[in-house]
Amino acid sequence: MTADASTPWLVAGLGNPGPGYAGNRHNVGFMVVELLAQRMGGSFKRHGKAQAQVVEGRIGPPGPAGRRVVLAKPMSYMNLSGGPVVGLRDFYKVPTGRVVAVHDELDIDFGALRLKLGGGDNGHNGLKSMTKAMGAEYHRVRFGIGRPPGRMPVADFVLKDFSSAERRELDYFVDRAADAVECLVLEGLERAQSAYNS
């Protein structure tokens, strides 16, 4: 699949469906795409061909300088994210290089961002599923959640809500991550990395 100006970007926020998971660290990808949807004035609706909720719209200035974007929340649970994302990629005819995964990252301090193209999954089950389904050459917006305290198992840590101290800053960091996604889509990876990698 080749890309031209009319080819959309597919931005997949990774998380787990259902209200019980909504505030979890593992669901920060959902939080970022939900904010992007608000900015576009759209609301998520179930996609007819893939196990996901989507919003279609544009980011950036109106006209040719803006970019078509499909925002997605896979509804398959984290460890099966690849199936819905590939289904949407194929439905919208999006090259893998225009797919963006927004996800939590243990090895980065809370709130810090790293953007990159390709690479390993670092034990993240959502990335593992996506890479198995379509290869590794998609973009990642990695949202730092830090390491678990003491001997808390990683699985317990990522499925807990952000702490009260973290929640005081969470809106700011989610807003910054949404800005980083917009910059990536509109201005490219290098510009987004120089502006937002921290």
(message) Could you tell me if Thr96 and Arg89 have a donor-acceptor pair between their side chains, going purely by distance under 3.5 Å?
(response) yes
(request) For the pair Asp175 and Arg39, find out whether any cationic side-chain nitrogen is under 4.0 Å from an anionic carboxylate oxygen. (result) yes
(message) So, using ring pair (Phe, Tyr, Trp, His ring centres under 6.0 Å) as the criterion, who are the partners of His26 when residues are at least two apart?
(response) His124
(request) Look at Glu182 together with Arg67 and state whether they make a salt bridge at an N to O cut-off of under 4.0 Å. (result) no
(request) Mind listing the closest non-hydrogen atom pair of Ser81 and Ser129 along with its distance? (result) N-OG, 3.4 Å
(request) Flag yes if Val32 and Val99 sit in one hydrophobic cluster, no otherwise; membership is Ile, Leu, Val, Met, Phe, Trp, Tyr, and two members link when side-chain heavy atoms are under 4.5 Å apart. (result) no
(request) Please answer: with hydrophobic residues joined when any side-chain heavy atoms are less than 4.5 Å apart, are Leu117 and Leu113 in the same cluster? (result) yes
(request) Work out which heavy atom in Arg140 is nearest to a heavy atom in Leu127; give both atom names and the distance. (result) NH1-CD1, 4.1 Å
(message) Side chains of Arg98 and Thr7, heavy atoms from C-beta outward: is any pair under 4.5 Å?
(response) yes
(message) Quiz question: by atom type and distance under 3.5 Å, do the side chains of Asn122 and Asp107 form a donor-acceptor pair?
(response) yes
(request) Please tell me if the side chains of Val69 and Val185 come closer than 4.5 Å, counting only heavy atoms from C-beta onward. (result) yes
(request) Taking side chain to side chain contact (heavy atoms under 4.5 Å, CB included) as the test, write out the residues that go with Ser76, two or more places apart. (result) Gln51, Pro74, Leu80, Pro84
(request) Looking only at non-hydrogen atoms, find the nearest pair between Ile59 and Met40 and report the distance. (result) CG2-SD, 3.5 Å
(request) Please tell me if the side chains of Leu115 and His139 come closer than 4.5 Å, counting only heavy atoms from C-beta onward. (result) no
(request) Decide whether Tyr138 and Thr131 meet the rule of one side-chain donor and one side-chain acceptor closer than 3.5 Å. (result) yes
(request) Locate the shortest heavy-atom distance separating Phe44 from Leu71; write the atom from each residue and the value. (result) CE2-O, 3.8 Å
(request) Could you tell me how the ring of Phe143 sits relative to the ring of Phe173: parallel (under 30°), tilted (30 to 60°) or perpendicular (over 60°)? (result) perpendicular
(message) Using a 3.5 Å distance criterion without hydrogens, assess whether the side chain of Asn125 forms a donor-acceptor pair with backbone atoms of Asn79.
(response) no
(request) Answer yes or no on whether Arg147 is positioned over the face of Phe157, meaning its NZ or CZ is under 6.0 Å from the six-membered ring centre and within 45° of the axis. (result) no
(message) Counting the benzene-type ring for Trp, do Tyr21 and Phe30 have ring centres under 6.0 Å apart?
(response) no
(request) Determine the minimum heavy-atom distance between Gly13 and Val33, stating which atoms define it. (result) N-CG1, 3.5 Å
